[in-house]
Number of protein chains: 2
Amino acid sequence: MKLNNPDLKNDKKQTTSGKKESCTKIIQPVQDALYVLSGKWKLPIIISLTYGNKRFSQMAREIPKITDRMLAKELRELEINQLVKRKVYDSIPVMVEYSLTEYGKTLNPAIDELYKWGVQHRKKIIGKD
Amino acid sequence: MKLNNPDLKNDKKQTTSGKKESCTKIIQPVQDALYVLSGKWKLPIIISLTYGNKRFSQMAREIPKITDRMLAKELRELEINQLVKRKVYDSIPVMVEYSLTEYGKTLNPAIDELYKWGVQHRKKIIGKD
DNA sequence: CTGGATCCTGCACGATACTG
DNA sequence: CAGTATCGTGCAGGATCCAG
């Protein structure tokens with residue numbers, strides 16, 4: 001299982017607004033983030049968990065159109081990347097509770113901005129159709 | 001050429017922090033955003049352009065590992081989605097200048113958060129290797 | 001210099017069936 | 001309930017060559 005972006009290499013501080021420095025310094029960390037969040041379902045899963053700990057079937061119901069296979073697969077990757085925690089209760093039948101790790105919660109500001117942009121974008125697209 | 005997320009449908013206001021409402025209301029706009037930004041290169045291209053208008057070959061040099069084919073393809077999609085402007089100068093040889101539209105610039109906050117998270121993440125990963 | 005045309009490959013993702 | 005196993009497929013994206 002691949003854990004890290006194979007291109008991980010350098011490091012530097014900077015913010016996207018203002019400075020003139022080489023944009024590749026910005027691009028690399030963004031690509032690192034995209035790598036961990038890659039795929040169609042990781043952000044939806046994370047969002048689902050920011051609204052409370054959930055069980056597998058609960059998430060499967062809440063996330064539109066996701067399949068069991070993809071849910072299981074992406075949850076596994078998110079767990080490996082320590083964004084998601086998995087807790088098994090030895091009841092019958094088995095019950096599994098998923099939750100965000102503290103690290104996972106640090107994605108919240110980024111998700112929030114994406115959400116806000118998405119809302120605007122949706123308005124723009126629907127408006128002119 | 002597909003322009004819009006085929007699942008475009010509803011709309012509502014909300015922010016990711018705080019409220020209790022159904023998370024699917026959050027998921028949909030985020031997926032809309034991801035749809036427009038999909039692929040390995042769209043954000044890197046946009047970032048490159050937030051640091052100034054660029055010509056094709058300039059971007060090809062600045063964005064690590066991108067191929068001419070992908071650069072052309074993704075620029076086309078970004079132009080269709082009105083995030084990027086394309087201006088042709090009738091010189092010999094032809095010169096083309098790309099720039100962000102005002103709309104494209106509205107992605108800045110989201111990119112900035114992704115960048116900040118990416119920097120932290122890179123530190124975390126490199127730290128424990 | 002700015003791309004387009006072709007060819008090729010892997011893998012992301014879906015569908016369906018099955019299990020402890 | 002919480003997944004796994006298997007199969008099939010499209011398409012994203014790389015490599016290479018060509019063109020106005």
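We name chains A, B, ... by the order of the sequence lines, and we start the count at 1 in each one.
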Contact under 4.0 Å: A:R86 side-chain N or O vs D:dG3 OP1/OP2: yes
Among D:dG13, C:dC1, D:dT4, the nucleotide that comes nearest once only the side chain of A:A72 is considered: D:dT4
Look only at the side chain of B:K54 and the backbone of B:S48, and say whether a donor-acceptor pair between them is shorter than 3.5 Å. yes
Between C1' of C:dG3 and CZ of B:R55, the distance in whole Å: 14 Å
As a test of reading the structure: which of C:dC13, D:dG3, C:dG20 is closest to the side chain of A:V94, going by heavy atoms? C:dG20
Could you state the atom-to-atom distance from CG of A:L75 to C1' of D:dT4 in whole Å? 14 Å
So does A:Q28 get a backbone contact from the side chain of A:Q31, meaning a donor-acceptor N/O pair under 3.5 Å? no
Base, sugar-phosphate, or nothing for B:R69, non-hydrogen atoms under 4.0 angstrom? base
May I ask you to evaluate whether A:Y98 reaches the phosphate of D:dC1, defined as a side-chain N or O under 4.0 Å from OP1 or OP2? no
If you check the B:K73 side chain, which of D:dA12, C:dT2, C:dG14 turns out closest? D:dA12
For B:Y98, does the six-membered ring have the charged nitrogen or CZ of B:K87 within the cation-pi criterion, i.e. under 6.0 angstrom from the centroid and within 45° of the normal? no
Where the side chain of B:S57 is defined as all heavy atoms beyond and including C-beta, which of D:dA2, C:dT2, D:dT4 is the nearest nucleotide? C:dT2
Per nearest nucleotide of DNA chain C, the residue lying toward the 5' end, A:W41 or A:D68, is A:W41
Name of the residue among A:R122, A:K123, A:K116 meeting side-chain contact (heavy atoms from CB on, under 4.5 Å) with A:Q120: A:K123
Checking contacts here: which listed nucleotide (D:dC1, C:dC1, C:dG14) is nearest the side-chain heavy atoms of A:T67? C:dG14
Does A:K65 put a side-chain nitrogen or oxygen below 4.0 Å from OP1 or OP2 of C:dG14? no
Atom-to-atom span, CG of B:L71 to C1' of C:dA5 - whole angstrom: 17 Å
Nearest-neighbour nucleotide for the A:M70 side chain, D:dC1, C:dG14, D:dA2 considered: C:dG14
